[in-house]
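To start, the structure under review is shown below, and the notes come after it.
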2 protein chains.
Amino acid sequence: MHAVDTRGEILEIAARLYAGLGYSAVSMRDLAGEVGVTQANLYHHFRSKDDLIRETLAHVFAQKTAPMVELLERPGTSSQRLAAFVNWFVRLLVEDRVFFRLLVRELVDGDGARLKALADSVLERPFSLVSSLADPQRPKDERFLAAISIIGLMLGHVQLAALLPYLPGGRPEQADPSVVARHITTVLRRAFHDEAREK
Amino acid sequence: MHAVDTRGEILEIAARLYAGLGYSAVSMRDLAGEVGVTQANLYHHFRSKDDLIRETLAHVFAQKTAPMVELLERPGTSSQRLAAFVNWFVRLLVEDRVFFRLLVRELVDGDGARLKALADSVLERPFSLVSSLADPQRPKDERFLAAISIIGLMLGHVQLAALLPYLPGGRPEQADPSVVARHITTVLRRAFHDEAREK
DNA sequence: GTCTATATTCCGATAGAC
DNA sequence: GTCTATCGGAATATAGAC
């Protein structure tokens with residue numbers, strides 16, 4: 001039952017290495033070395049490097065869908081649910097660098113097949129739910145764009161956080177998840193909810 | 001005077017290849033083949049692959065700074081200038097895929113030295129100007145975060161556009177630069193300017 | 001399921017002729 | 001400034017023993 005799960009271990013370590021250096025910069029030798037098996041053994045579990053990459057992505061992304069959907073389906077006003085989601089997702093992006101980097105890598109480098117797999121396996125359901133975080137009274141078309149804005153704003157903030165130490169006026173606490181999440185929630189509420197503008 | 005500028009040609013083609021496949025996936029052989037010279041010749045112009053990568057990035061990013069600063073320094077209300085900048089920058093990200101992909105690559109993969117070089121060479125001055133696009137009456141701290149939101153929102157939108165064909169309710173025109181820019185401008189005005197909320 | 005050993009191709013980089 | 005030729009090592013992938 002608790003026999004060493006070599007295959008799972010390979011996927012975990014592959015995710016970490018691919019996230020850190022990119023697919024082509026991580027050789028099967030490097031990976032095998034980190035896992036503690038021989039290179040040939042990797043070919044027992046996966047038929048090629050490309051196959052391993054695909055399985056790694058599925059492994060990492062699939063873990064996130066369930067909690068994300070669970071969070072988005074909790075009851076509350078759209079404004080409350082928005083705040084809760086932003087808080088959770090910003091924290092996820094900041095704290096799970098493996099997830100974050102693999103996600104960005106796929107968005108930028110992924111071909112049609114891989115993007116479709118990503119959309120189908122993890123993003124479709126959450127995306128529909130995120131669309132409902134904008135004020136329900138707004139037109140449907142705006143709510144679709146709003147969903148992209150909600151996710152995109154968080155993604156952009158976390159990416160640009162890497163530049164923060166080198167920008168004039170940048171201070172470390174501006175990359176703190178709580179600070180970022182609060183700021184983003186305020187921005188999105190002003191944009192997509194009819195609430196008072198004041199702080 | 002108009003002698004063939006091999007070095008410049010190498011940089012242009014390197015930018016395109018690195019943007020498309022990533023640094024480690026583009027060999028000096030591949031690059032030399034595309035340029036139409038031998039691999040050894042690359043080492044006459046650049047001392048190493050790493051050196052070539054750094055020079056390629058500097059070459060691509062430096063071209064963008066001047067027009068960006070020029071645009072940001074045009075007169076107008078902060079609201080007008082915001083709209084003009086969003087329009088221009090979204091179009092840049094959508095239409096210059098080389099710039100877009102190299103930028104994202106650096107944000108995610110760049111080490112401290114390369115990020116600092118990027119910040120110093122191209123982003124520092126524009127970033128200060130972007131900070132001034134938020135309503136000047138707002139507190140300074142919010143205006144710094146606002147600058148990150150302004151750039152981050154555009155970056156996020158363009159990245160997520162790749163997923164659009166695979167999301168429920170996604171339609172091609174939602175990736176159109178004019179549509180995206182208009183939406184983003186509306187969002188940012190609601191968030192950072194004290195204007196009427198109506199359409 | 002894991003290993004050793006190896007085939008084949010490709011990598012970054014250099015030497016030296018023209 | 002560009003070339004041919006080559007070095008030493010690393011890449012993916014496979015064959016076959018245990």
Side-chain angles (χ1 to χ4, degrees), chain A residues 1-60 101-102 105-106 109-111 113-114 117, chain B residues 1-60 101-102 105-106 109-111 113-114 117:
Chain A
M1 198 58 120
H2 68 94
V4 188
D5 177 17
T6 303
R7 187 192 154 89
E9 214 167 315
I10 293 171
L11 288 174
E12 286 289 323
I13 295 176
R16 179 164 53 81
L17 295 181
Y18 288 149
L21 300 170
Y23 310 123
S24 61
V26 176
S27 71
M28 298 297 266
R29 275 177 170 75
D30 294 339
L31 175 56
E34 287 284 312
V35 176
V37 297
T38 60
Q39 172 201 345
N41 185 253
L42 299 181
Y43 287 89
H44 172 75
H45 295 282
F46 306 92
R47 67 167 58 107
S48 71
K49 181 174 179 175
D50 216 67
D51 186 53
L52 172 58
I53 292 172
R54 269 194 303 273
E55 297 234 37
T56 301
L57 294 171
H59 177 73
V60 170
R101 295 176 83 146
L102 289 178
R105 249 177 241 295
E106 283 308 290
D109 289 336
D111 56 19
R114 286 223 301 246
Chain B
M1 198 55 120
H2 68 94
V4 187
D5 178 17
T6 303
R7 187 190 154 91
E9 214 166 315
I10 293 171
L11 289 174
E12 287 290 323
I13 295 175
R16 179 164 53 80
L17 295 181
Y18 288 150
L21 299 170
Y23 310 122
S24 59
V26 176
S27 72
M28 298 297 267
R29 279 174 168 78
D30 294 338
L31 174 56
E34 286 284 311
V35 176
V37 297
T38 59
Q39 172 198 332
N41 186 254
L42 299 180
Y43 287 89
H44 171 74
H45 295 283
F46 306 92
R47 65 181 56 182
S48 71
K49 180 174 180 176
D50 216 66
D51 186 52
L52 172 58
I53 292 172
R54 271 193 303 272
E55 298 234 37
T56 300
L57 293 171
H59 176 73
V60 169
R101 294 175 83 143
L102 289 178
R105 249 176 241 295
E106 283 307 290
D109 289 336
D111 56 21
R114 286 225 300 248

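Each chain gets a letter, A, B and so on, in the order its sequence line appears, and its residues count up from 1.
Listed in residue order, the members of residues 39-49 of chain B having a heavy atom less than 4.0 Å from DNA chain C are B:Gln39, B:Ala40, B:Tyr43, B:Ser48, B:Lys49. For DNA chain D, none of the residues of residues 13-34 of chain B falls under the heavy-atom distance limit of 4.0 Å.
Using a 4.5 Å heavy-atom cutoff, the side chains of A:Met28 and A:Leu52 are in contact. In this structure the side chain of A:Ile53 reaches within 4.5 angstrom of the side chain of A:Arg114, judged on heavy atoms. The shortest distance between side-chain heavy atoms of A:Asp109 and B:Leu21 does not fall below 4.5 Å. Looking at heavy atoms from C-beta onward, A:Asn41 lies out of side-chain contact with A:Val35 at the 4.5 angstrom threshold.
Interatomic distance, OG1 of A:Thr6 versus CG of A:Leu42, reported as 10.0 Å (0.5 Å rounding). Note that CD of A:Glu34 and CG of A:Leu17 are 5.5 Å apart. Values are rounded to the nearest 0.5 Å.
Legend: residues meeting ring-ring contact (aromatic ring centres under 6.0 Å, His included) with A:Tyr23, ordered by chain and number and at least two apart, are A:Tyr18.
Residue B:Thr38 places none of its side-chain N or O atoms closer than 4.0 Å to OP1 or OP2 of D:dT4.
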Go through B:Asp30 and B:Ser27 one step at a time and tell me if the side-chain hydrogen bond (donor to acceptor under 3.5 Å, both in side chains) criterion holds. CA-CA 5 Å; B:Asp30 294 338; B:Ser27 72; 3.2 Å; yes
